[in-house]
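Beneath this line is the structure, given in structure tokens, with notes to follow.
Just the heavy atoms: all of them, side chains too, but no hydrogens, waters or symmetry mates, feed the values below. Letters A, B, ... mirror the listed sequences (proteins, then strands); counts begin at 1.
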Protein chains: 2
Amino acid sequence: MNKFVLPEHPHCPHDHSQCVSDALSAAEQVCERAGARLTALRKRVLELVWQSHRPLGAYDLLETLAREDDRRPAPPTVYRALDFLQEQGLVHRIASLNAFIGCASPEHTHQGHFLICRNCRVAIELDQSLIHPAIAKVADQMDFSVEAETVEIAGLCSQCREAA
Amino acid sequence: MNKFVLPEHPHCPHDHSQCVSDALSAAEQVCERAGARLTALRKRVLELVWQSHRPLGAYDLLETLAREDDRRPAPPTVYRALDFLQEQGLVHRIASLNAFIGCASPEHTHQGHFLICRNCRVAIELDQSLIHPAIAKVADQMDFSVEAETVEIAGLCSQCREAA
DNA sequence: CGTAGAATTGTTATATAATAACAGTCATCG
DNA sequence: CGATGACTGTTATTATATAACAATTCTACG
Ligand SMILES: [Zn+2]
Ligand SMILES: [Zn+2]
Ligand SMILES: [Zn+2]
Ligand SMILES: [Zn+2]
């Protein structure tokens, strides 16, 4: 099945603090191995990105930082942290929402593919076993060398569809 | 093979005026059937979108309109035209570029899937015979009902790769 | 025709997202 | 310690998109 499947959902409560602590300790390891510095700020931004399984805008994160840090940071502060986290593969950007979400399996580098519910706004990261090969095959047919894949499927998750 | 394959490319000259006139006459038919009004402005914006096979930003289109129409239009003018053209399936939006491109086959409704060369910036619309089924299958496995698909593959086209 | 109602376009202002440029601070190593 | 480079703060600006309302144009009906 799909090792990226995450249980969190407005209709599916779970121990989300576990998700957060898993993400943070995975981040420590990834940065350790890469020789990159997971500073307090970067760690805090990652934690904020992981506050839910919904993509969050940079200005949402900024707002939260401002509420807690007292001295309001400016946009570049959060964008630089997000750039770093994306470089380390700890965060994905969702182009169709101008938003960011924590990566569900940062241990190996990969493109983020997502199912995004328009109702509850939860984004589920897919494993690539089906979609990536299809993309690779099409690209090969067209003699196109792939560098980045944006795959964002919008619709309704099962819980939201049943609720409606 | 791929009926969406388009010959235009910086390295592959072709009779692009044919692409434009085909797109415009297809648009007439689509709007006719839908009972929608392809006004002069909307037609002009569609023509501008089709000035190349590269996605163009709304402000690029606006700039061109301003240069020719003397009385400079404001952003809502071009955004409303683009909204209309998207509703009629005549134009796709490329989320990863904040840009717009003419649809290669507006006769039937579909999602736009693209290969986008980072060097020459040409976007090639794919047919969906391989990628769409993979998405449908994954969504089905996850009990997710799909409403929109954003698939934008960035990389290097064959001509640009060979040139490098 | 002539005009009411709807659709389209014009216009001004504003919201939202992201980056440029440069100054200050901190970590690390000799 | 300093010197160096990495990181963060700060100000200003650019890029993308929309809200709100006025003016115009089109359409259909009497
Ligand atoms: Zn969770
Ligand atoms: Zn949902
Ligand atoms: Zn052409
Ligand atoms: Zn190219």
Contact check, residues 72-89 of chain A vs DNA chain C, heavy-atom distance under 4.0 Å, returns P75(A), P76(A), Y79(A), R80(A)
Taken to the nearest 0.5 Å, the spacing of R54(A) CZ from D60(A) CG works out to 12.0 Å
For H53(A) and H14(A), take the angle between the two ring planes, folded into 0 to 90°, and tell me which bin it lands in: parallel under 30, tilted 30 to 60, perpendicular over 60. tilted
Do H132(A) and E149(A) have side-chain atoms, one donor and one acceptor, less than 3.5 Å apart? yes
Of all heavy-atom pairs linking A34(B) and Q88(B), the shortest is CB-OE1, 3.5 Å
Separation of dT12(C) atom C1' from L62(B) atom CG, nearest Å, is 14 Å
The reported gap from CG in N98(B) to CG in L56(B) (rounded to nearest 0.5 angstrom) is 13.0 Å
When rounded to the nearest 0.5 Å, the distance separating NE2 of H92(B) from CD1 of I101(B) is 9.0 Å
CG (D83(A)) and CZ (R42(A)) are apart, to the nearest 0.5 Å, by 10.0 Å
Expected list for residues 30-44 of chain A near DNA chain C, using heavy atoms below 4.0 Å, is R37(A)
Q. Among the clusters formed by ILVMFWY side chains lying less than 4.5 Å apart, do I135(B) and L156(A) turn up in the same one?
A. no
- Message: Is it the case that the side chains of H113(B) and E125(B) hold a donor-acceptor pair, with the cut-off being a distance below 3.5 Å and no angle test?
- Response: no
### Message
Please say yes or no: joined through hydrophobic side-chain contacts below 4.5 Å, possibly via intermediate residues, are V138(B) and F144(B) part of one cluster?
### Response
yes
The first and last nucleotides of DNA chain D lying within contact of chain A, meaning any atom under 4.0 Å from one of its heavy atoms, run from dA6(D) to dT11(D)
